[in-house]
Each structure stands twice: as C-alpha cells, then as structure tokens.
Amino acid sequence: MTPDEMKAIILAFPGAEEGMSYGSPSFKVNGKFFTRLRREDASVVLMDVSADERDMLMEAEPETFHITPHYKDYPSVLARIETLHPGSFRNFLERRFRKVAKKSVVKAWEAERG
C-alpha cells in the first residue's frame with residue numbers, strides 16, 4: 001500500500017480529520033485518535049488490538065506487523081504500510097471507527113454500506 005492509498009482509506013471514514021502528531025500525519029475521528037503514520041519505520045499505528053491478537057499477527061506476518069517498547073503496554077500493533085494489505089487496514093480501522101465515532105454516525109455509516 002502506498003502512503004496515498006493509506007490516506008484515501010483513512011479519509012473515507014465519516015468525520016476523519018488529518019492533523020500532525022510527533023511530526024507525522026495523524027488522523028482523528030470525533031476528536032479521538034484514529035491512527036497515525038510513523039515516519040521512522042513507515043508504519044501505521046493500529047489501535048484496539050489485544051496482546052494475544054498482536055502476538056499472532058507478528059508471528060504470522062513479521063514483515064508487516066511489529067511493536068516497539070513504547071507501544072508494548074497499549075492495545076495496539078504497528079504495521080508497515082508497504083506490506084499491509086489495504087483490506088486488512090480497512091478492517092482494523094473499521095474496528096477503531098466503531099469505537100470512537102458517535103453512535104449516530106456509525107449507525108448511518110453502516111446503513112449506507114448496506
């Protein structure tokens with residue numbers, strides 16, 4: 001996935017807004033953290049990933065999924081955008097979107113998608 005593809009997927013979610021965090025592009029929904037690009041390793045931060053799921057992902061696809069000491073105590077995993085499948089990325093973001101967006105926005109979004 002390219003950075004432009006990554007950004008297009010993120011901004012397709014209702015209310016997604018771009019900003020900056022730690023000198024890199026970051027994105028919020030409803031004023032809450034959605035995801036961000038880590039320039040230092042060309043990865044995105046994926047939230048709401050349990051430690052068990054993270055371990056499984058890193059074992060199954062070590063070229064894509066990884067973690068740094070900073071994130072080890074958070075329900076998150078890092079994913080290198082170059083090898084991250086766009087569909088998988090969208091699925092991770094959908095999970096996060098349902099958690100941080102307003103319930104009315106989620107309901108409308110789900111109805112629109114069928």
Side-chain angles (χ1 to χ4, degrees):
M1 180 169 53
T2 68
D4 287 342
E5 289 170 324
M6 176 201 77
K7 187 175 176 179
I9 290 169
I10 296 166
L11 293 177
F13 285 87
E17 299 176 326
E18 186 173 6
M20 294 295 285
S21 177
Y22 302 102
S24 296
S26 67
F27 301 86
K28 291 182 178 183
V29 168
N30 193 31
K32 297 176 183 163
F33 180 84
F34 193 41
T35 191
R36 83 173 184 90
L37 176 65
R38 288 175 37 93
R39 290 188 193 267
E40 55 268 47
D41 55 17
S43 296
V44 288
V45 179
L46 302 174
M47 298 298 295
D48 303 315
V49 177
S50 71
D52 288 341
E53 182 182 9
R54 176 176 67 206
D55 291 346
M56 188 257 333
L57 289 166
M58 291 189 310
E59 185 176 329
E61 295 183 57
E63 69 285 350
T64 300
F65 298 101
H66 64 107
I67 199 74
T68 65
H70 174 79
Y71 291 97
K72 72 177 179 60
D73 294 328
Y74 293 97
S76 62
V77 70
L78 305 176
R80 294 175 185 92
I81 62 170
E82 185 176 294
T83 55
L84 180 60
H85 186 277
S88 293
F89 182 49
R90 190 174 292 106
N91 288 339
F92 282 108
L93 292 180
E94 284 180 8
R95 182 189 314 178
R96 181 71 177 160
F97 178 76
R98 285 185 174 92
K99 186 171 183 176
V100 299
K102 292 180 180 177
K103 292 188 186 324
S104 60
V105 174
V106 173
K107 189 174 181 178
W109 174 75
E110 287 176 339
E112 185 179 288
R113 297 174 69 215

Handout entry: Side-chain heavy atoms of Glu61 within contact of Glu63, under 4.5 Å
Key = yes
Fill in the blank from the handout: Note: Ile67 and Val77 closest approach over all heavy atoms is CD1-CA, 4.1 Å
Problem - Sub-4.5 Å side-chain heavy-atom contact between Val100 and Phe33 - result: no
Practice task
Without swapping roles, check the side chain of Arg54 against the backbone of Ser76 for a donor-acceptor pair under 3.5 Å.
Solution key: yes
Practice task
Compare every heavy atom of Arg113 with every heavy atom of Glu94, then report the nearest pair and how far apart it is.
Solution key: OE2-NH2, 3.0 Å
Handout entry: Atom of Gly23, atom of Arg39 and distance for their closest heavy-atom approach
Key = O-NE, 3.3 Å
Handout entry: Cluster link Val29 to Tyr74, ILVMFWY, side chain under 4.5 Å
Key = no
Exercise for the section: Kindly indicate, with the supporting measurements, whether the criterion side-chain contact (heavy atoms from CB on, under 4.5 Å) is fulfilled by Thr35 and Met6. Expected result: CA-CA 11 Å; Thr35 191; Met6 176 201 77; over 6 Å; no
Problem - Nearest heavy-atom neighbours spanning Glu40 and Arg36 - result: OE2-NH2, 4.5 Å
Practice task
Can you measure from CG (Leu84) to CZ (Arg90) and round to the nearest 0.5 angstrom?
Solution key: 10.5 Å
Problem - Note, Val105 side chain near Asn30 side chain (heavy atom, < 4.5 Å) - result: no
Exercise for the section: I would like to know whether Asp41 and His66 meet side-chain contact (heavy atoms from CB on, under 4.5 Å); could you show each step before the answer? Expected result: CA-CA 10 Å; Asp41 55 17; His66 64 107; 3.1 Å; yes
Practice task
List the atom of Val49, the atom of Leu46, and the distance in Å for their closest heavy-atom pair.
Solution key: CG2-O, 3.9 Å
Exercise for the section: Report the C-alpha separation of Phe34 and Glu17 in whole Å, then their side-chain angles, then the decisive distance to 0.1 Å, and conclude whether the side-chain contact (heavy atoms from CB on, under 4.5 Å) test is met. Expected result: CA-CA 9 Å; Phe34 193 41; Glu17 299 176 326; over 6 Å; no
Problem - Rounded distance [0.5 Å steps], NZ in Lys7 versus CD1 in Ile81 - result: 12.5 Å
Handout entry: Cationic N near anionic O, under 4.0 Å, Asp48 to Arg95
Key = no
Exercise for the section: May I ask you to test the Phe27-Leu11 pair for a side-chain heavy-atom distance under 4.5 Å? Expected result: yes
Problem - Contact check, side chains of Arg38 and Tyr71, non-hydrogen atoms, under 4.5 Å - result: yes
Exercise for the section: Mark yes when over 12 heavy atoms from residues, nucleotides or ligands other than Glu82 sit less than 6.0 Å from its CD; otherwise mark no. Expected result: no
Problem - Closest non-hydrogen atom pair, Ser24 against Leu37 - result: CB-O, 2.9 Å
Handout entry: With Phe65, the side chain to side chain contact (heavy atoms under 4.5 Å, CB included) member among Met56, Met58, Glu53
Key = Met58
Problem - Lys32 vs Lys99 side-chain heavy atoms within contact, under 4.5 Å - result: no
Problem - Sidechain-backbone polar pair: Ser43 side chain, Leu78 backbone, donor-acceptor under 3.5 Å - result: no
Practice task
Specify whether Phe13 and Trp109 have parallel, tilted or perpendicular ring planes, treating 30° as the upper limit for parallel and 60° as the lower limit for perpendicular.
Solution key: tilted
